[in-house]
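Below is one structure, written out as structure tokens; the observations come after it.
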Amino acid sequence: IRIYDSALSAENVTSLYNEIECPAVAVTNAFNTVIYTGTGTSGGDIQNITGVGFSPGLTWVKNRSFALNHYLYDSIRGTGAAKALHSNTTDSEASGSTYSANGGVSSFSSDGFGAYRGSDNTYQGTNMNGQNYVAWNWKAGGTAVSNTDGTITSQVSANTDAGFSITKYTGNGISGATFGHALGKQVEISIVKNVGSSGYWYVYSNLLPTNNNLYLNTSDNKQADGVMLGGNSTTVSISASSAVNTNNGSYIAYNFTSIPGYSKVGSYTGTGASGNSIYTGFQTSYVMTKNIDDGASFDRWYIQDSVRGGGKILYADESLAEGNYTSVQFDSNGFTLNTTDTGINESGKNYIFLAIA
């Protein structure tokens with residue numbers, strides 16, 4: 001930013017225009033989508049999934065072949081049957097033997113994770129023989145450290161270069177309490193789950209009206225429920241709702257902010273016509289979108305990525321198998337909606353999105 005105390009001449013403007021702008025710092029090995037085919041033929045069989053390029057802070061797995069739950073694991077809570085979370089349900093962390101037959105993520109490695117098959121064929125979450133899976137992986141900041149930015153002291157693993165962090169905290173039951181996210185800039189999305197009790201996944205975004213929230217596990221539109229109260233460059237503010245801050249409750253939060261040239265939390269308005277181009281400023285490989293105005297069953301959390309292809313769709317709030325769906329075209333500077341589907345491109349409706357290079 002430059003401030004002048006007199007008018008600029010045409011020559012001054014031309015000179016400024018021709019200056020070389022410093023490029024954004026390149027972010028590498030911070031997000032990766034991998035697809036694989038399950039190999040497990042009996043309970044407990046583990047397949048080591050490699051090619052991620054880093055040790056994941058957050059791994060989100062979905063069976064593409066069948067209608068089954070999403071499986072989310074992070075490096076702070078750990079791995080194993082008792083640590084599974086499902087973005088499409090209100091379930092708490094799976095509890096020991098109750099879910100030991102379901103399969104899941106057994107461990108994180110320097111280049112991926114271990115996926116194991118459970119003994120119950122009803123739950124074919126991460127490694128059933130012959131079934132197809134996708135795993136979206138985010139790199140966090142390694143071992144979590146104590147964070148005292150908020151009124152609640154928390155444990156945070158933050159990758160500030162990539163605009164992603166994980167916060168684990170214990171609720172105090174006080175409305176207006178805050179927890180730190182350690183991103184170093186305005187938090188644009190924070191997704192919170194009570195891991196010790198059944199409850200909604202609450203989504204805060206600075207792109208929503210004040211005191212409005214979305215729910216990751218439903219197709220509902222934005223709700224003025226005042227559960228997640230706001231966020232800034234250091235903290236997220238929460239109410240005393242049991243969903244985000246019951247006294248002594250256990251919570252996990254996944255936090256995102258835009259990084260030029262790598263990721264963008266943004267919004268767009270649907271056109272109702274194919275060819276609606278959304279600018280991100282980088283070659284987009286992953287995008288998750290949500291209609292914030294309507295809450296019909298088809299206004300889901302759409303997830304698409306370039307590894308599976310823009311014609312393959314999954315929904316964060318649904319257990320549905322992968323569908324064939326011509327929707328997102330991944331461009332060198334964003335993505336284009338080649339559809340009139342009201343769930344992702346309804347005329348006049350507002351959407352928010354998370355896009356990653």
With a 4.5 Å limit on heavy-atom distance, are the side chains of [X] and [Y] in contact?
{"X": "S175", "Y": "S239", "result": "yes"}
{"X": "V307", "Y": "V34", "result": "no"}
{"X": "I166", "Y": "S75", "result": "yes"}
{"X": "M128", "Y": "Y133", "result": "yes"}
{"X": "I313", "Y": "Y302", "result": "yes"}
{"X": "I352", "Y": "L214", "result": "yes"}

Exercise. Can you pull the salt bridge (Lys or Arg N to Asp or Glu O under 4.0 Å) pairs that have at least one residue in residues 72-85, sequence neighbours excluded?
Worked result: D74-R77, R77-E93, K83-E93

For this session: Would you list the pairs meeting salt bridge (Lys or Arg N to Asp or Glu O under 4.0 Å) in which at least one residue belongs to residues 53-69, sequence neighbours left out?
Result: R64-E322

Linking I/L/V/M/F/W/Y whenever any side-chain heavy atoms sit under 4.5 Å apart, do [X] and [Y] land together?
{"X": "W201", "Y": "L314", "answer": "yes"}
{"X": "L183", "Y": "W138", "answer": "no"}
{"X": "F282", "Y": "I278", "answer": "no"}
{"X": "I356", "Y": "Y254", "answer": "yes"}
{"X": "L320", "Y": "V328", "answer": "yes"}

For this session: Apply the test side chain to side chain donor-acceptor pair (under 3.5 Å) to residues T39 and N129: give CA-CA distance (whole Å), side-chain angles for both, the deciding distance (0.1 Å), then the verdict.
Result: CA-CA 4 Å; T39 60; N129 187 45; 5.9 Å; no

Measuring centre to centre across the rings, with the benzene-like ring taken for any Trp, is [X] within less than 6.0 Å of [Y]?
{"X": "F335", "Y": "F330", "answer": "no"}
{"X": "Y202", "Y": "Y215", "answer": "yes"}
{"X": "F164", "Y": "F31", "answer": "no"}
{"X": "F113", "Y": "F108", "answer": "no"}

Exercise. Checking side chain to side chain donor-acceptor pair (under 3.5 Å) for the pair N32/N137: CA distance, chi angles, key distance, verdict?
Worked result: CA-CA 5 Å; N32 201 1; N137 304 274; over 6 Å; no

If you look at every heavy atom in [X] and [Y], which pair is closest and at what distance?
{"X": "A296", "Y": "S219", "result": "O-OG, 3.0 Å"}
{"X": "G343", "Y": "D299", "result": "CA-OD1, 3.6 Å"}
{"X": "I174", "Y": "N172", "result": "N-OD1, 2.9 Å"}
{"X": "F353", "Y": "V287", "result": "CB-CG2, 4.2 Å"}
{"X": "Q155", "Y": "I76", "result": "O-CD1, 3.8 Å"}
{"X": "T246", "Y": "S242", "result": "CB-CA, 3.8 Å"}

Exercise. Side chains of S277 and T336: is there a donor and an acceptor less than 3.5 Å apart?
Worked result: yes

Exercise. Just checking, any donor-acceptor pair under 3.5 angstrom between side chains of Q131 and N63?
Worked result: yes

For this session: Please step through side chain to side chain donor-acceptor pair (under 3.5 Å) for the pair N221 and Q223, ending with a clear verdict.
Result: CA-CA 6 Å; N221 61 317; Q223 300 290 316; 2.9 Å; yes

Problem set entry | Sole candidate of N213, N211, N212 that passes side-chain hydrogen bond (donor to acceptor under 3.5 Å, both in side chains) when paired with D225 | N213

Problem set entry | Parallel, tilted or perpendicular, as decided by the 30° and 60° cut-offs, for the rings of W136 and W60 | perpendicular

For this session: Taking only Lys NZ, Arg NE, NH1 and NH2, and the carboxylate oxygens of Asp or Glu, determine whether D294 and K349 approach each other closer than 4.0 Å.
Result: yes

For this session: Report the C-alpha separation of S327 and N338 in whole Å, then their side-chain angles, then the decisive distance to 0.1 Å, and conclude whether the side chain to side chain donor-acceptor pair (under 3.5 Å) test is met.
Result: CA-CA 5 Å; S327 157; N338 288 321; over 6 Å; no

For this session: Report the residue from V192, D317, V203 that forms a side-chain contact (heavy atoms from CB on, under 4.5 Å) with L216.
Result: V203

